[in-house]
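Hydrogens, waters and symmetry mates play no part in the numbers below; they use all other heavy atoms, side chains included.
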Amino acid sequence: MPDTLIAGIPQDRLAAFAAREAAAYAKARPKAAKALAKGAGHFLGGVPMHWMSDWPMPHLPLVEKAHGARIEDIDGITLDDFCLGDTGSMFGHSPPPVAKAIRHQARRGLTYMLPTETALEAGRLLTERFGPFRWQIATTATDANRFALRVARAITGKPKVLVFNGCYHGTVDDTFVVLENGRTVNAPGLLGQVNDLSQTAVACEFNDLAGVEAALAKGDVAAILTEPVMTNSCMVLPHAGFHDGLRQLALKYGALLIMDETHTISSGLGGYTRVHSLRPDIFVVGKCVAGGMPTAVWGLTEETARRYHEADTRRGPGRTGMGTTLSANPMQFACLVATLSEVMTPENYTHMEKLAERLSAGLRKVIERHGAPWHVVRVGARVEFICAPGPLRNGTEAALAHQPRVEAAIHTALINRGTLIAPFHNMMLISPATKKAQVDRLIASFDAILTDLFQAA
């Protein structure tokens, strides 16, 4: 009886390969295993943040230090880092201008609840880099998206946000919805949610303008919240005309268009929005915008800002529900200025895109050589291999394309060969510090792994 195939790989061969790689990983990291056994019990679930437990290795490594595009763990193993904090360190670990800015500001205080001259310079640079928006500073993109939605609802007087099935916008409650038999329902994995999110959100499929129009036509949608490219559920590119269609539909039905560029800032200087001349009403970006310092920004167009101020003058006394005490602190502004002026440069993006193209082309050749039914997608400095045929059209197809057993085995095998990639969606980032040799090592390791997985029976 023939062996069952998983993403083109015989199931028995995959199981043997995964067991072999897991054993090799565990054998190489005795110090981390011992330290975790001693200290992890102090944390809920054994980890400081719950998603750390989603890594597929037998146990986590413990990082000793990181610099540029390299990470070293406490067992003395150094890895080429293509995960880069899942975009948080997209410009490399501790870019020198950012590290210098942190040292300089640390001597002057960490938080004041008051602005500085550096804050004013950050505002100028944000406009120069991303376009003429009126800016606010948050700590995370989740915060920024939440505040942006509050603004949209205040301006329009409408309750709902339209999101795309399979989307990622941090932990904003309203975005944890999925399409189930054509209906918007709470995402099945969501913990502790007591509200029916379909009362405040509607889900559509990415690239489905007809579905978007049908939802908007009901007249209760305040905003469309979208990434320019779907990035957290196997990467899905927009069809030609999709973003123009969203812009026109938002105008037609009185909804605001919010672009969340937290992952797609990899697209090029100014993000996908600037590279492709999109026209959102609200622009959001976080993670790496301040070189790894926890920072996000959200900006309103002049017209949207005017409408917001009108709504603000009509409200009653008390808090608006937007902003947190530690947001817009002087350390964030110091790191924003350093990143925007010295790190997020045309030269660095040119380097990143050149190596990302080398990586994507190399991975495609490996996949073709082994006859794997897989494909590769690139958006600027961001590359993903997907263990299914493509291209993918929407979130439903992206969810079906995931092959957790295959991906887990490959991730562990790559670490054993000296390369770290993102654990959740086969994502690889190129930083300004990434070297050609690192890219070539990744391609060679990927080739060796596929040789094992797809070897002739």
Side-chain angles (χ1 to χ4, degrees), residues 48-49 85-91 95 98-99 101-102 104-131 133-155 161 168-175 223 225 256 258-263 265 271 280-301 304-305 308-309 311-312 315 318-341 343-344:
M49 178 58 74
D86 195 14
T87 310
S89 293
M90 188 183 80
F91 296 112
V98 177
I102 290 172
H104 180 79
Q105 183 59 48
R107 296 193 294 267
R108 289 160 173 76
L110 302 182
T111 188
Y112 315 140
M113 210 176 177
L114 290 166
T116 61
E117 281 190 305
T118 305
L120 303 180
E121 175 64 3
R124 185 190 70 79
L125 288 168
L126 285 167
T127 297
E128 180 180 274
R129 183 63 69 234
F130 297 113
F133 297 97
R134 295 297 182 93
W135 299 100
Q136 288 282 276
I137 311 300
T139 302
T140 69
T142 291
D143 290 337
N145 282 320
R146 188 178 291 120
F147 303 152
L149 289 179
R150 193 175 290 275
V151 166
R153 286 166 169 148
I155 287 174
V161 55
Y168 180 72
H169 301 287
T171 57
V172 177
D173 285 358
D174 308 85
T175 66
L225 173 59
L256 297 184
I258 305 173
M259 285 290 168
D260 180 357
E261 289 260 22
T262 298
H263 282 165
I265 192 172
D281 299 296
I282 305 178
F283 177 91
V284 173
V285 65
K287 287 197 175 180
C288 64
V289 72
M293 176 62 62
T295 305
V297 301
W298 54 288
L300 312 181
T301 63
T304 307
Y308 165 70
H309 286 305
D312 192 43
R315 70 180 178 90
R319 294 178 293 167
T320 63
M322 293 183 288
T324 56
T325 304
L326 295 179
S327 292
N329 66 66
M331 188 64 80
Q332 289 177 308
F333 287 119
C335 293
L336 271 169
V337 168
T339 302
L340 293 168
S341 61
V343 179
M344 197 182 294

- Query: Between M344 and I265, does a side-chain contact (heavy atoms from CB on, under 4.5 Å) hold up when you go through it step by step?
  - Reply: CA-CA 10 Å; M344 197 182 294; I265 192 172; 3.8 Å; yes

- What are the two closest non-hydrogen atoms of Q332 and A290, and how far apart are they? O-CB, 4.4 Å

- CD1 of I155 to CZ of R150, rounded to nearest 0.5 Å, is 13.5 Å

- Once you round to the nearest 0.5 Å, how far does CG of N329 lie from OG1 of T139? 7.0 Å

- Item | Rounded distance (nearest 0.5 Å) linking atom CG of L225 with atom CD1 of I258 | 5.5 Å

- Task: List the atom of F333, the atom of A328, and the distance in Å for their closest heavy-atom pair.
- Result: CE1-O, 3.3 Å

- Query: Does a side-chain N-to-carboxylate-O contact under 4.0 Å join D174 and R146?
  - Reply: no

- Does atom CZ of R129 have more than 12 heavy-atom neighbours from other groups under 6.0 Å away? yes

- Looking only at non-hydrogen atoms, find the nearest pair between V289 and L336 and report the distance. O-CD2, 3.6 Å

- Item | Heavy-atom pair with the smallest gap, counting every atom of T116 and P330 | CG2-CB, 4.3 Å

- Query: Which pair of non-hydrogen atoms, one from A144 and one from A138, has the smallest distance, and what is that distance?
  - Reply: N-CB, 4.0 Å

- Query: So H263 and Y168, would you call those rings parallel, tilted or perpendicular, with 30° and 60° as cut-offs?
  - Reply: parallel

- Query: Going from OG1 on T87 to NZ on K287, what distance comes out if it is rounded to the nearest 0.5 angstrom?
  - Reply: 5.0 Å

- Message: Students often mix this up, so state it plainly: with edges at 30° and 60°, are the rings of F283 and W135 parallel, tilted or perpendicular?
- Response: perpendicular

- Message: Checking T320 now: which residues fulfil side chain to side chain donor-acceptor pair (under 3.5 Å) with it, not counting sequence neighbours?
- Response: none

- Message: With side-chain contact (heavy atoms from CB on, under 4.5 Å) as the criterion, how do T111 and M331 come out once you've worked through the C-alpha distance, each side chain's angles and the decisive distance to 0.1 Å?
- Response: CA-CA 7 Å; T111 188; M331 188 64 80; over 6 Å; no

- Check against side-chain contact (heavy atoms from CB on, under 4.5 Å), L126 and L340: CA-CA 7 Å; L126 285 167; L340 293 168; 3.7 Å; yes

- Task: For the pair L300 and Y308, evaluate side-chain contact (heavy atoms from CB on, under 4.5 Å) and give the outcome as yes or no after the intermediate values.
- Result: CA-CA 9 Å; L300 312 181; Y308 165 70; 4.1 Å; yes

